[in-house]
Q: 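Structure in structure tokens, see below.
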2 protein chains.
Amino acid sequence: MNPSQHVDRLIRKLETLAALSDEEKQALRGLPLTVKAFKADQDILREGDNPAECCLVLEGMVFRYLMLDDGRRQIMGFYIPGDIPDLQSLHITTMDHSVASLVPTTVAFIPHQSLNELNARHPTIANALWRDTIVDAAMFRLWMVGLGQKSAHERLAHVLCELLVRFKAVGLAEDEQTCAFPITQTELGDALGLTTVHVNRVIQDLRRDGLITLGRGSLCINDWERLRQRAKFNPLYLHLDGREARP
Amino acid sequence: MNPSQHVDRLIRKLETLAALSDEEKQALRGLPLTVKAFKADQDILREGDNPAECCLVLEGMVFRYLMLDDGRRQIMGFYIPGDIPDLQSLHITTMDHSVASLVPTTVAFIPHQSLNELNARHPTIANALWRDTIVDAAMFRLWMVGLGQKSAHERLAHVLCELLVRFKAVGLAEDEQTCAFPITQTELGDALGLTTVHVNRVIQDLRRDGLITLGRGSLCINDWERLRQRAKFNPLYLHLDGREARP
DNA sequence: CGGACCGTTGAGTAGAGTCAATGTGGGTGG
DNA sequence: CCACCCACATTGACTCTACTCAACGGTCCG
């Protein structure tokens with residue numbers, strides 16, 4: 001991946017949030033990016049940090065999580081290339097959770113100062129970024145609905161639907177029904193509020209019913225419509241606006 | 001409550017998010033507010049709506065919720081005077097959830113256009129509002145942690161701690177340990193992912209242990225420190241320290 | 001070849017749900 | 001003013017989803 005592709009990833013993501021003029025794209029290309037590689041399972045940001053930059057995912061995959069004192073861990077979201085998982089640090093200085101890599105990952109750090117200057121000069125970009133934090137919040141709300149109201153089967157099906165749709169939205173799905181899935185069953189459990197054992201049993205049910213093929217870092221949804229029904233998945237909350245979200 | 005107090009409620013809230021100059025406060029006072037009263041249990045906004053204005057809570061209390069097809073309901077947050085529960089509608093046009101009154105409530109509607117003009121002219125206010133949506137997201141994340149990882153006892157204790165702290169932050173607590181609590185056990189259940197029956201049993205445990213007095217629309221936390229420990233409550237996520245970030 | 005990590009399986013348990021009935025206080029209409 | 005109603009709170013008995021504990025299997029990799 002060469003440097004100009006780095007910012008293209010960001011532009012492509014922002015274009016899912018707002019239409020950008022050539023001038024605005026040019027301004028984005030002027031952002032100073034510091035690229036850094038992480039191995040799998042490394043913290044990129046930790047609870048309590050006061051970062052002076054935001055991190056844009058270029059390759060790989062990251063997740064946000066909060067660890068409780070007694071070792072319980074809640075994973076709050078998975079992030080794919082083009083996402084800026086700590087955009088909120090622009091406005092709340094202290095991280096109230098951590099961000100870590102799921103697999104070997106490269107990220108680009110963008111100084112808060114550069115982003116603030118960009119926002120001051122280009123309100124469209126500022127609004128697109130604001131919109132991104134708002135869509136983030138919409139995803140949290142929907143995960144809350146899952147954790148509070150849905151069964152283990154519905155929750156698991158939902159996260160599978162969500163990831164395929166999001167990969168497709170940024171053009172990174174392998175094909176119409178297949179995408180990367182480097183998430184272990186333990187991590188899935190921490191995301192869904194379930195134990196590893198139970199996640200395993202539910203996955204086997206989905207496999208047995210012919211809905212998915214899951215393994216070796218890859219997810220294939222063999223029967224989108226039935227999985228969608230089982231998950232009660234409705235992509236409205238992703239606010240992908242017009243960009244069709246149906247595999 | 002007279003008209004000038006309406007906007008004061010908003011100013012007081014925004015001052016928990018950023019320091020405001022006199023000029024900025026003056027600009028806020030120029031906002032056109034349309035005040036409207038709602039009875040208890042009325043929808044103020046519904047999933048699917050495309051509102052052209054934001055609603056500021058003046059008196060009473062509201063909550064956000066999402067209803068699933070089969071009648072299950074997840075409540076996503078409770079909002080008190082000074083809060084703008086649908087601020088995100090400025091940037092995502094279609095409501096992906098509903099907002100309703102818990103008790104008789106008055107709200108002020110502020111046209112999106114006025115807010116956008118204000119934001120264009122006063123970056124500090126725009127950033128304060130952005131920050132508000134980000135703090136909102138932080139609250140969703142913490143609720144997620146509760147729903148995913150915590151026991152019924154921890155969750156219930158947590159929501160009680162949160163509400164008292166938030167009432168105190170905007171000066172609306174009755175005293176140091178008492179605030180309004182017009183939430184039924186059914187509603188608490190829908191917020192915490194529990195049944196009414198179980199909520200009731202947990203409340204009784206907390207009462208039996210002398211931690212709270214709860215009833216008749218009022219909550220008194222008799223032993224803050226023990227309740228806080230039981231909830232593992234840490235108010236960091238509310239980001240009430242204000243003015244953290246001034247780009 | 002051995003360890004580490006992840007996935008899989010089985011047996012027993014418990015936290016929370018379900019169903020159903022009863023208690024209680026505030027509001028309302030006759 | 002009283003009787004009734006209704007929403008909310010409370011209680012008990014029973015059930016079930018998901019958890020716990022524990023062991024075993026597969027695969028990658030040094």
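Numbers restart at 1 for each chain; the letters A, B, ... are given by sequence-line order, proteins then strands.
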Q: Which one of R207(B), R201(B), R208(B) satisfies the salt bridge (charged side-chain N to carboxylate O under 4.0 Å, His left out) criterion with D205(B)?
A: R208(B)
Q: Which of these nucleotides, dT8(C), dC19(D), dA9(D), is closest to any side-chain atom of T196(A)?
A: dT8(C)
Q: Cation over ring, R166(A) on F78(A), under 6.0 Å and within 45°?
A: no
Q: Could you tell me how far apart L188(A) (CG) and dC5(C) (P) are, to the nearest whole angstrom?
A: 19 Å
Q: Remember a base hit wins even if backbone is also touched, and classify R207(B) as base, sugar-phosphate or nothing at under 4.0 Å, heavy atoms.
A: sugar-phosphate
Q: With a 4.0 Å cut-off, would you call D132(B) and K13(B) a salt bridge?
A: yes
Q: Describe the nucleic acid contact of G189(B) in one word from base, sugar-phosphate, nothing, applying a heavy-atom distance below 4.0 Å.
A: nothing
Q: Please give, in whole Å, the distance from dA9(D) P to H198(B) NE2?
A: 16 Å
Q: Could you give the CD-to-C1' distance, from Q204(A) to dG10(C), as a whole number of Å?
A: 12 Å
Q: Rounded to whole angstrom units, what separation is found between the CG atom of L214(B) and the C1' atom of dT10(D)?
A: 14 Å
Q: List the steps and the verdict of ring-ring contact (aromatic ring centres under 6.0 Å, His included) for Y237(B) and H158(B).
A: CA-CA 12 Å; Y237(B) 74 100; H158(B) 198 277; 5.7 Å; yes
Q: In whole angstrom, what separates L194(B)'s CG from dA16(C)'s C1'?
A: 8 Å
Q: Can you tell me how far C1' of dA16(C) sits from CZ of R155(B), to the nearest Å?
A: 9 Å
Q: N200(A) CG to dT9(C) C1': how many Å, rounded?
A: 8 Å
Q: Just the rounded figure in Å: distance from P of dG17(C) to CD of Q149(A).
A: 10 Å
Q: DNA chain D: I203(B) or R201(A), which has the more 5' nearest nucleotide?
A: I203(B)
Q: Could you check whether G193(A) gets within reach of a base, just the sugar-phosphate, or nothing at all, counting any heavy atom under 4.0 Å?
A: sugar-phosphate
Q: Base, sugar-phosphate alone, or nothing: which one does R216(B) contact when heavy atoms must sit under 4.0 Å apart?
A: sugar-phosphate
Q: With nearest nucleotides of DNA chain C determined for S151(B) and V197(A) from heavy-atom distances, which residue corresponds to the more 5′ nucleotide?
A: V197(A)
Q: Output yes when R46(A) and D49(A) qualify as a salt bridge under the 4.0 Å nitrogen-oxygen rule, no when they do not.
A: no
